[in-house]
Amino acid sequence: MALLRVAARGKELVPGIFRQSVCPAVQVLGQKSWDRHMSGHVSMVGRNFLTLKDFSPSEIEQLLWTAADLKARIKGTGELYTPLVGKSAGLIFQKRSTRTRLSTETGVGLLGGQPCFLSPDDIHLGVNETIKDSAKVLSGFLDLILARVYGHEDLESLATEGSVPIVNGLSELYHPLQILADMQTLQDHFGNLRGLTVAWVGDGNNIIHSFMMGAPKLGVNLKIATPKGYETYPNVTKDAEDLAKQYGTQMYHTNDPRDACEGANVLVTDTWISMGQEEEKQERLKAFQGYQVTHKLGEVAAKDWVFLHCLPRKQEEVDDAVFYSNRSLVWPEAENRKWTVMAVILSLLKDHVCTTPKPDF
C-alpha cells in the first residue's frame, strides 16, 4: 500500500490509519536542522526554466544545493534515489548535442524517470504542426519538456501553450543550464562564489548572456571582453547592469581581453563560431584575433585563476597549454552538467529536500 508522506511533520498517512513516523530526512538531519531546511525551502514545482533572469538568488542557490546533494548521495555514496519513477521527460533537440543530451538522458534515468529523445527527424517543431499544437499534444504525454532550439521564442511559445514545465536546453539567447554547471564547478573549487571575478573573453553569445543573468545574484563580478561588433545584446546588457546595481556587484565591458582578465579568478571562453554561423567563419576568426586564452593572458589574472569552457573546444579559442593544465576545470565542469540538469528537472517536478549541508555560497 502506497504511503503518502507529510515530510515536514515527519508523519505518514495511510488510508484508514494515522500513525507517527520519522521521515528519513529528519533521521539524517535531526529535527533542528530539518526545521532550518524547511524554513529556507522554496518550491519551484510547475515552473519553467527558460532563463536565470526569472529566478531569485535563493532559488538559484537552492538549485545548486540540490545538484551538490544529488552528486554527494548518488555518486558519492551510491545511494539509489528514484523520486521520478512514473515521470517522463521529452527532450526536443533541433541542434545536435553531446553534454546536454547525455546529461539529461542519464540524469532522468538515474532519478527513476523516462527520457524520450526527439530529434529533428522525430518532431518538426513549428513545421508540420504548429508549436501551439505540439505543446498541447506533448503536454498530454509528458511531465516535462526540455528543448534545445534555435530561436528563444520557440521556448516561450512552448511555455505559453504547454501545461508542463519547459526547460531551456539552449537557445540563441540563453543557456542557463551551462551556467549552473559552471557555478557548481567554481563552488566545488573555491569553496564559495561571493566575491569571485569572472572574465569572459569571446563572443557576446548565449553563454555570457546567462552568466549576466545569474552571476550578480550570487555575488560574482563580471568583466566582459568582446570584439567590436560582437558585444552582448543591448537589452540583456541593460537587464544585467540593473542586476549588478541591485546586488552590489561589478559589471564591466571592454574590447580588450587583457583588460578583462586583470585580477580575475576565472577566465572563460566559448566557441567563436556557433552552429548556424559557419558562413561567417573567416570574418569571425579575423575579428577574434588576440582573444585566444593563453598563460600569457593569465599573467594579469589573480594568482589562483582557473579556466572554464563549455565545450566543444577549438585550438584558436584556448591553447593546449591552458586547456590541459591544472588550471583547467573543463572536465568537472562537463560532468556537473549532469548534476545541475538533474537538480532543475527534479525541482520543477517535486519538492526535493536536501539531506547534505547547504554549501556556503
Side-chain angles (χ1 to χ4, degrees), residues 47-64 151-153 155-156 168 170-187 190 192-272 274 287-288 290-291 293 297 300-302 305-306 308-310 361:
R47 296 268 299 274
N48 297 309
F49 186 78
L50 305 188
T51 166
L52 292 174
K53 178 182 177 180
D54 299 333
F55 288 77
S56 69
S58 61
E59 289 170 336
I60 297 174
E61 288 182 0
Q62 186 169 305
L63 290 172
L64 291 173
H152 192 76
E153 64 275 8
L155 290 168
E156 294 174 334
N168 181 358
L170 176 144
S171 72
E172 96 292 352
L173 190 58
Y174 293 117
H175 194 1
L177 289 173
Q178 181 62 53
I179 301 316
L180 287 183
D182 290 357
M183 291 302 183
Q184 183 182 10
T185 305
L186 296 178
Q187 175 71 33
F190 287 105
N192 54 58
L193 297 172
R194 195 161 302 279
L196 291 179
T197 295
V198 171
W200 175 264
V201 181
D203 192 18
N205 63 12
N206 51 6
I207 302 293
I208 184 56
H209 286 168
S210 292
F211 261 119
M212 292 162 71
M213 293 297 101
K217 296 176 182 179
L218 296 170
V220 176
N221 305 305
L222 284 177
K223 299 175 74 177
I224 303 164
T226 55
K228 291 182 180 179
Y230 296 90
E231 291 89 353
T232 54
Y233 289 12
N235 59 327
V236 176
T237 302
K238 174 62 169 60
D239 288 342
E241 289 174 346
D242 290 343
L243 287 173
K245 290 178 183 177
Q246 181 180 352
Y247 294 105
T249 63
Q250 296 179 352
M251 182 85 60
Y252 178 68
H253 295 264
T254 180
N255 300 122
D256 182 353
R258 196 170 180 86
D259 186 18
C261 292
E262 187 170 356
N265 307 102
V266 188
L267 308 189
V268 192
T269 192
D270 185 23
T271 182
W272 298 345
S274 297
F288 282 84
Y291 276 74
V293 177
L297 191 59
V300 298
W305 70 272
V306 295
L308 295 178
H309 192 303
C310 68
F361 295 108

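Not measured: the values here are computed from a predicted model.
- For the pair Trp200 and Thr232, the minimum side-chain heavy-atom distance is 4.5 Å or more.
- Other residues, nucleotides and ligands contribute only 12 or fewer heavy atoms inside 6.0 Å of the CD atom of Gln250.
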| Run the side chain to side chain contact (heavy atoms under 4.5 Å, CB included) check on Tyr230 and Phe288 step by step: do they pass? | CA-CA 9 Å; Tyr230 296 90; Phe288 282 84; 4.1 Å; yes

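- A donor-acceptor contact closer than 3.5 angstrom is absent between the side chains of Asn221 and Tyr252.
- Closest non-hydrogen pair, Asn265 versus Gly195, comes out as OD1-O, 4.3 Å.
- Inter-residue side-chain proximity for Leu267 and Leu308 is flagged as unmet; no heavy-atom pair is nearer than 4.5 Å.
- Side-chain contact between Tyr291 and Val201 is present, with at least one heavy-atom pair separated by less than 4.5 Å.
- Separating the CG atom in Asn206 from the OG1 atom in Thr51 is a distance of 11.0 Å, to the nearest 0.5 Å.
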| said: Pair Glu59, Lys217 - check salt bridge (Lys or Arg N to Asp or Glu O under 4.0 Å), show working. | reply: CA-CA 10 Å; Glu59 289 170 336; Lys217 296 176 182 179; over 6 Å; no

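- Of all heavy-atom pairs spanning Gly290 and Pro257, the tightest one is O-CG, 3.6 Å.
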| task | Begin from the C-alpha positions of Met212 and Leu222 and carry the test side chain to side chain contact (heavy atoms under 4.5 Å, CB included) through to its verdict. | result | CA-CA 8 Å; Met212 292 162 71; Leu222 284 177; 3.9 Å; yes

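- Looking only at side-chain heavy atoms (C-beta outward), Met251 and Ile224 come within less than 4.5 Å of each other.
- Arg47 places no side-chain N or O within donor-acceptor distance of the main-chain N or O of Phe55, the cut-off being under 3.5 Å.
- One side chain, Gln178 or Asp182, offers a donor N or O that lies under 3.5 Å from an acceptor on the other.
- Between the CG atom of Leu170 and the CD atom of Glu172 there is a distance of 9.0 Å, given to the nearest 0.5 Å.
- Side chains of Tyr174 and Val236 form a contact here, defined as non-hydrogen atoms less than 4.5 Å apart.
- One finds the NZ atom of Lys223 at 5.5 Å from the CD atom of Glu262 (value rounded to the nearest 0.5 Å).
- Here the straight-line distance linking atom OG1 of Thr237 with atom CD of Glu231 works out to 8.5 Å at 0.5 Å rounding.
- Residues Asn255 and Pro227 share a closest heavy-atom pair of ND2-C, 3.7 Å.
- Of all non-hydrogen atoms in Leu63 and Phe49, the two that sit nearest each other are CD1-CE1, 4.0 Å.
- The line from CD1 of Ile60 to CE of Met213 is 10.5 Å long, rounded to the nearest 0.5 Å.
- Side chains of His209 and Tyr233 form a contact here, defined as non-hydrogen atoms less than 4.5 Å apart.
- When all heavy atoms of Ala264 and Ala301 are compared, the closest pair comes out as O-CB, 3.4 Å.
- A distance-only check finds no donor-acceptor pair linking the side chain of Asn192 to the backbone of Phe361 [under 3.5 Å].
- Considering Gln246, Lys245, Lys238 as possible partners of Asp242, the one that fulfils the side-chain hydrogen bond (donor to acceptor under 3.5 Å, both in side chains) test is Lys238.
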| request: Evaluate side chain to side chain contact (heavy atoms under 4.5 Å, CB included) for Trp305 paired with Thr197, printing each intermediate quantity in order. | output: CA-CA 10 Å; Trp305 70 272; Thr197 295; over 6 Å; no

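- The only option from Thr271, Asp270, Thr226 that meets the side-chain hydrogen bond (donor to acceptor under 3.5 Å, both in side chains) definition with Asn205 turns out to be Asp270.
- Closest approach of Ala199 to Ala260, counting heavy atoms only: CB-O, 3.4 Å.
- How far CG of Leu297 is from CZ of Arg258: 7.0 Å, rounded to the nearest 0.5 Å.
- Not one N or O on the side chain of His253 forms a donor-acceptor pair closer than 3.5 Å with the backbone of Ala225.
- In this structure, the side chains of Val266 and Leu186 come closer than 4.5 Å at one or more pairs of heavy atoms.
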| message | The test is side chain to side chain contact (heavy atoms under 4.5 Å, CB included); show your working for Leu193 and Leu64 and say whether it passes. | response | CA-CA 11 Å; Leu193 297 172; Leu64 291 173; 4.2 Å; yes

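- Counting only heavy atoms from C-beta outward, the side chains of Ile179 and Leu52 approach each other to under 4.5 Å.
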